[in-house]
2 protein chains.
Amino acid sequence: MDVPDQVSEALTTCRLRDVLDRVGDKWSVLIMALLGDGPRRYSDLRRSIDGISQRMLTLTLRSLERDGLVIRTVTPTTPPRVDYELTPVGHTLSKEVSSLIRWSERHREYIGMSRRSYDAR
Amino acid sequence: MDVPDQVSEALTTCRLRDVLDRVGDKWSVLIMALLGDGPRRYSDLRRSIDGISQRMLTLTLRSLERDGLVIRTVTPTTPPRVDYELTPVGHTLSKEVSSLIRWSERHREYIGMSRRSYDAR
DNA sequence: CTGCATCCTCTTGGATACTG
DNA sequence: CAGTATCCAAGAGGATGCAG
């Protein structure tokens with residue numbers, strides 16, 4: 001059994017739904033991975049994540065902060081500077097996410113082939 | 001460094017986007033976890049996953065099949081019987097997903113508290 | 001620089017009805 | 001039983017403009 005009974009039951013009753021939504025979020029995964037290397041500034045994150053809008057970056061960071069995964073530090077200089085870093089719990093999630101990303105890297109080729117062969121039918 | 005340079009670069013150029021979308025998908029995660037325990041019938045999955053619509057179950061399974069993560073087996077009896085099971089690669093992803101679900105279990109409490117305390121402000 | 005507010009579009013996904 | 005097809009509502013998310 002890969003999944004314990006307790007978890008299976010949790011799946012069916014959707015108690016995990018809200019947490020999995022966090023993990024499954026498009027941008028959260030990328031942000032968690034990047035912050036795994038250390039603190040980053042807002043503008044730094046924005047440049048590092050290709051295709052993210054300012055709105056989504058802010059919303060995602062707020063949501064990560066709300067979940068206790070990220071800490072937001074404001075330095076009131078002019079112009080202001082804001083740094084984001086993982087909390088200890090955030091780091092443990094970042095580890096999981098990194099593992100998932102490595103899986104993606106390892107199997108990207110396979111998935112691409114599967115898709116092409118499926119679509120060929 | 002939790003994330004290798006290669007992956008960081010992949011993140012910024014979004015080459016991983018399509019694979020992460022798969023992983024991040026709401027229903028895919030649950031289905032992968034359930035199938036980790038062994039093959040399941042369509043109706044079985046439907047009953048096991050609370051809140052999923054017939055439409056989404058079918059769409060998600062098709063998409064998993066397309067990615068080479070799930071195998072669909074039709075037994076042409078009356079009524080027809082369709083079984084779904086993980087491919088070898090699907091099993092490796094299921095392991096990752098199970099790990100993520102266990103993380104969720106471990107930190108559900110913490111996240112709940114963080115949210116309540118954040119919202120209290 | 002770091003954001004918030006608004007508008008507006010497009011996708012996601014639920015409900016329902018119908019088929020082999 | 002295991003889908004497919006259609007319709008439709010809700011929400012995600014981009015673009016833009018403004019503010020501290």
Side-chain angles (χ1 to χ4, degrees), chain A residues 11-12 14 16-32 34-35 39-67 70-85 118-119 121, chain B residues 11-12 14 16-32 34-35 39-67 70-85 118-119 121:
Chain A
L11 286 174
T12 61
C14 275
L16 290 176
R17 190 64 279 143
D18 52 341
V19 179
L20 286 178
D21 280 347
R22 148 70 46 240
V23 172
D25 183 64
K26 179 180 179 177
W27 302 116
S28 292
V29 172
L30 298 180
I31 292 176
M32 294 297 297
L34 286 173
L35 290 182
R40 294 242 192 174
R41 296 186 58 173
Y42 181 87
S43 52
D44 189 9
L45 286 171
R46 193 172 176 202
R47 260 177 284 105
S48 296
I49 304 176
D50 190 53
I52 195 169
S53 67
Q54 191 178 40
R55 172 190 156 85
M56 286 318 294
L57 179 54
T58 300
L59 286 180
T60 305
L61 286 169
R62 285 290 173 282
S63 149
L64 289 170
E65 190 190 1
R66 186 171 99 103
D67 285 0
V70 156
I71 292 177
R72 179 170 177 270
T73 310
V74 183
T75 310
T77 53
T78 47
R81 172 200 177 102
V82 181
D83 288 276
Y84 292 91
E85 64 181 320
Y118 184 95
D119 293 342
R121 293 177 239 162
Chain B
L11 286 175
T12 60
C14 274
L16 290 176
R17 191 64 278 145
D18 53 341
V19 178
L20 286 178
D21 281 347
R22 148 68 48 239
V23 171
D25 183 64
K26 178 180 178 176
W27 301 116
S28 292
V29 171
L30 298 179
I31 292 176
M32 295 296 297
L34 285 171
L35 290 181
R40 295 241 194 176
R41 296 186 59 173
Y42 181 87
S43 51
D44 189 10
L45 285 171
R46 197 178 171 193
R47 259 176 286 105
S48 296
I49 303 176
D50 190 53
I52 196 170
S53 66
Q54 193 178 36
R55 173 191 155 87
M56 286 317 295
L57 178 55
T58 300
L59 286 180
T60 305
L61 286 169
R62 285 287 175 285
S63 147
L64 289 169
E65 189 190 1
R66 186 171 98 104
D67 284 0
V70 155
I71 293 177
R72 179 170 176 271
T73 310
V74 182
T75 310
T77 53
T78 46
R81 173 201 177 102
V82 181
D83 289 275
Y84 291 91
E85 63 180 321
Y118 184 94
D119 294 341
R121 294 178 238 163

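Below, each value reflects all heavy atoms present in this structure, side chains not excepted, and no hydrogens, waters or symmetry copies. Residue numbers start from 1 in every chain, and the chains themselves are labelled A, B, ... in the order their sequence lines are given, proteins ahead of strands.
The CG-P distance, from B/Leu59 to D/dA2, rounds to 17 Å in whole Å. Separating the CG atom of A/Asp25 from the P atom of D/dG11 is a distance of 16 Å, rounded to the nearest angstrom. Regarding B/Leu45, its CG atom lies at a distance of 9 Å from the P atom of D/dA2, rounded to whole Å.
The distance from atom CG of A/Asp83 to atom CG of A/Asp44, rounded to the nearest 0.5 Å, is 9.0 Å. Atom CG of B/Asp25 is separated from atom CG of B/Leu59 by 10.0 Å, given to the nearest 0.5 angstrom. Rounding to the nearest 0.5 Å places CG of B/Leu35 at 7.5 Å from CZ of B/Arg40. Once rounded to the nearest 0.5 Å, the distance linking CG of A/Leu45 with CD1 of A/Ile31 reads 6.0 Å. From A/Trp27, atom CH2 reaches atom CE of A/Met56 across 8.0 Å, with rounding to the nearest 0.5 Å.
Here the side chain of A/Tyr42 is nearest to one of D/dC1, D/dG3, C/dG3, namely C/dG3. Closest approach to the B/Trp27 side chain among C/dC1, D/dC1, C/dG14 is made by C/dG14 (side chain taken as heavy atoms from C-beta onward). Closest to the side chain of A/Val82, from the set D/dT4, D/dA2, C/dG3, is C/dG3. The nucleotide whose nearest atom lies closest to any side-chain atom of A/Met56 is, among D/dG3, D/dG14, C/dG3, D/dG14.
Phosphate contact (OP1/OP2 of D/dA2, side-chain N/O of B/Arg72, threshold under 4.0 Å): absent. An OP1 or OP2 oxygen of C/dT2 is reached within less than 4.0 angstrom by a side-chain nitrogen or oxygen of A/Arg41. An OP1 or OP2 oxygen of C/dT2 is reached within less than 4.0 angstrom by a side-chain nitrogen or oxygen of A/Ser43. At C/dG3, none of the side-chain N or O atoms of A/Thr58 fall inside 4.0 Å of OP1 or OP2 (strictly under the cut-off).
Judged by distance alone, with hydrogens and angles left aside, A/Gln54 brings a side-chain donor or acceptor within reach of the base of C/dC4, the pair sitting under 3.5 Å.
Both B/Arg55 and B/Asp44 sit near DNA chain D, but only B/Asp44 has its closest nucleotide nearer the 5' end.
At the heavy-atom level, B/Arg46 lies nowhere under 4.0 Å from the strands shown.
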